[in-house]
Amino acid sequence: MPETEISAGGIVYWREAGELRIQLIRDRYGRISYAKGKREPGETVEQTALREIKEETGVNGRINELIDIIAYTYRHPAHGAVNKEVHYYLVEYQSGELKPQLEEIRSVDWYSPEEALENQMKFGYDNNDFILEKALVMLGVQL
């Protein structure tokens, strides 16, 4: 029976003076993505998402709702097949300054919804496209 690994993260957003901004990271491989990471013992999936966002990007957020879950299987050199679930939440920015955790990611920044979608489509992972699209629809953005 394959091992199961749970990760969580989110699409972080903020609104100021009517402007919507979306947080994107550039991961260690140079690809566009969203802050996320593995669940630690004793954590809920929601706690994992908020901790990983704080660690990787320097900001605190509040979960609004679940966007979706991506599930796939990968091969680990020591454990063999691993079933992976990544839970993505819609997370409203609350406080903090953007500061990338350089051991994990290359950079983090805020983008307009249009810029975020364009960057995701050009430089992101294909299985993450629908996560951002769904988050933008949830935020009332017309695609």
Side-chain angles (χ1 to χ4, degrees), residues 2-77 79 81-143:
E3 180 178 320
T4 299
E5 180 180 293
I6 306 286
S7 289
I11 304 287
V12 182
Y13 74 94
W14 63 263
R15 293 182 199 271
E16 185 173 46
E19 294 291 318
L20 175 64
R21 294 287 179 217
I22 306 296
Q23 183 190 86
L24 296 178
I25 68 165
R26 194 163 291 270
D27 70 14
R28 68 180 77 163
Y29 307 107
R31 304 288 298 271
I32 290 293
S33 193
Y34 324 116
K36 66 183 176 307
K38 293 180 191 174
R39 183 169 65 174
E40 294 182 354
E43 279 185 328
T44 66
V45 179
E46 293 85 358
Q47 288 168 332
T48 300
L50 294 176
R51 177 184 51 76
E52 286 290 340
I53 289 166
K54 173 68 174 170
E55 287 176 1
E56 290 188 2
T57 73
V59 302
N60 297 298
R62 179 180 57 79
I63 290 177
N64 286 359
E65 59 187 299
L66 180 68
I67 299 169
D68 216 322
I69 300 169
I70 295 176
Y72 57 94
T73 302
Y74 74 92
R75 182 151 297 285
H76 186 280
H79 304 290
V82 176
N83 292 328
K84 174 122 180 180
E85 287 182 8
V86 184
H87 298 239
Y88 284 109
Y89 294 91
L90 190 59
V91 178
E92 184 177 6
Y93 165 83
Q94 298 291 297
S95 64
E97 297 291 323
L98 290 183
K99 184 175 188 233
Q101 181 185 28
L102 296 175
E103 303 83 16
E104 295 287 328
I105 67 173
R106 290 186 184 180
S107 64
V108 58
D109 213 339
W110 296 108
Y111 298 87
S112 71
E114 298 78 20
E115 292 169 323
L117 193 55
E118 182 179 334
N119 275 294
Q120 170 57 43
M121 295 300 188
K122 284 185 182 176
F123 308 113
Y125 297 97
D126 292 344
N127 66 347
N128 278 343
D129 290 351
F130 85 97
I131 295 293
L132 181 57
E133 289 171 346
K134 196 169 177 181
L136 291 174
V137 168
M138 292 165 80
L139 290 167
V141 175
Q142 301 272 337
L143 300 182

Report task. Might you work through the ring pair (Phe, Tyr, Trp, His ring centres under 6.0 Å) test for Tyr13 and Trp110, ending with a clear yes or no? Result -> CA-CA 8 Å; Tyr13 74 94; Trp110 296 108; 8.9 Å; no
Query raised in the report: Judged by modelled atom types alone, do Tyr72 and Asn83 share a side-chain donor-acceptor pair under 3.5 Å?
Result: no
Requested in this report: Sequence neighbours left out, what passes side-chain contact (heavy atoms from CB on, under 4.5 Å) with Lys99? Give chain and number order.
Outcome: none
Report task. Side-chain contact test, heavy atoms from C-beta onward, threshold under 4.5 Å: evaluate it for Trp14 versus Gln94 and give yes or no. Result -> no
Query raised in the report: Atom CG of Asp109 and atom CZ of Arg21: how far apart are they, to the nearest 0.5 Å?
Result: 9.5 Å
Report summary line: Applying side-chain contact (heavy atoms from CB on, under 4.5 Å) to Ile6 and not counting sequence neighbours gives Thr4, Arg39, Val45, Glu85, His87
Requested in this report: State which residues pass salt bridge (Lys or Arg N to Asp or Glu O under 4.0 Å) with Glu92; sequence neighbours excluded, sorted by chain then number.
Outcome: Arg62
Query raised in the report: Minimum heavy-atom separation for Arg15 to Leu139, with atom names?
Result: NH2-O, 2.9 Å
Query raised in the report: How many angstroms lie between CG in Leu20 and OH in Tyr111, if you round to the nearest 0.5 Å?
Result: 14.5 Å
Requested in this report: Return the minimal non-hydrogen interatomic distance between Val91 and Gly10, and the atom names on each side.
Outcome: CG2-CA, 4.4 Å
Identify all side-chain donor-acceptor contacts of residues 23-37 below 3.5 Å with residues at least two apart in sequence or on another chain.
from  : atom 1 : to     : atom 2 : distance (Å)
Gln23 : NE2    : Thr57  : OG1    : 3.4
Arg26 : NH1    : Gly30  : O      : 2.7
Asp27 : OD1    : Tyr29  : N      : 2.8
Asp27 : OD1    : Gly30  : N      : 3.1
Asp27 : OD1    : Arg31  : N      : 2.9
Asp27 : OD2    : Tyr125 : OH     : 2.5
Arg28 : NH2    : Glu104 : OE1    : 2.8
Arg31 : NE     : Phe123 : O      : 3.3
Arg31 : NH2    : Gly124 : O      : 2.6
Ser33 : OG     : Lys36  : NZ     : 3.2
Tyr34 : OH     : Gln120 : OE1    : 2.9
Tyr34 : OH     : Asn128 : O      : 3.1

Requested in this report: Just grab all the salt bridge (Lys or Arg N to Asp or Glu O under 4.0 Å) pairs involving residues 48-57, residues at least two apart or on different chains.
Outcome: Glu40-Arg51, Glu43-Arg51, Arg51-Glu55
Query - Rounded distance [0.5 Å steps], CE in Met138 versus CD in Glu65 - result: 3.0 Å
Report task. Mind listing the closest non-hydrogen atom pair of Ile53 and Gly9 along with its distance? Result -> CD1-C, 4.3 Å
Query raised in the report: Do Glu115 side-chain atoms and Ser112 backbone N/O form a donor-acceptor pair below 3.5 Å?
Result: yes
Query raised in the report: Roughly how far apart are Leu132 CG and Met121 CE, rounded to 0.5 Å?
Result: 7.5 Å
Requested in this report: Quick one: pull up CG in Leu90 and CD1 in Ile22 and give me the separation to the nearest 0.5 Å.
Outcome: 8.0 Å
Query raised in the report: Does anything in residues 130-143 pair up under side chain to side chain donor-acceptor pair (under 3.5 Å), and if so which pairs, sequence neighbours excluded?
Result: Asp68-Lys134
Report summary line: Nearest heavy-atom approach of Ile131 to Asn127 is CG1-O, 4.4 Å
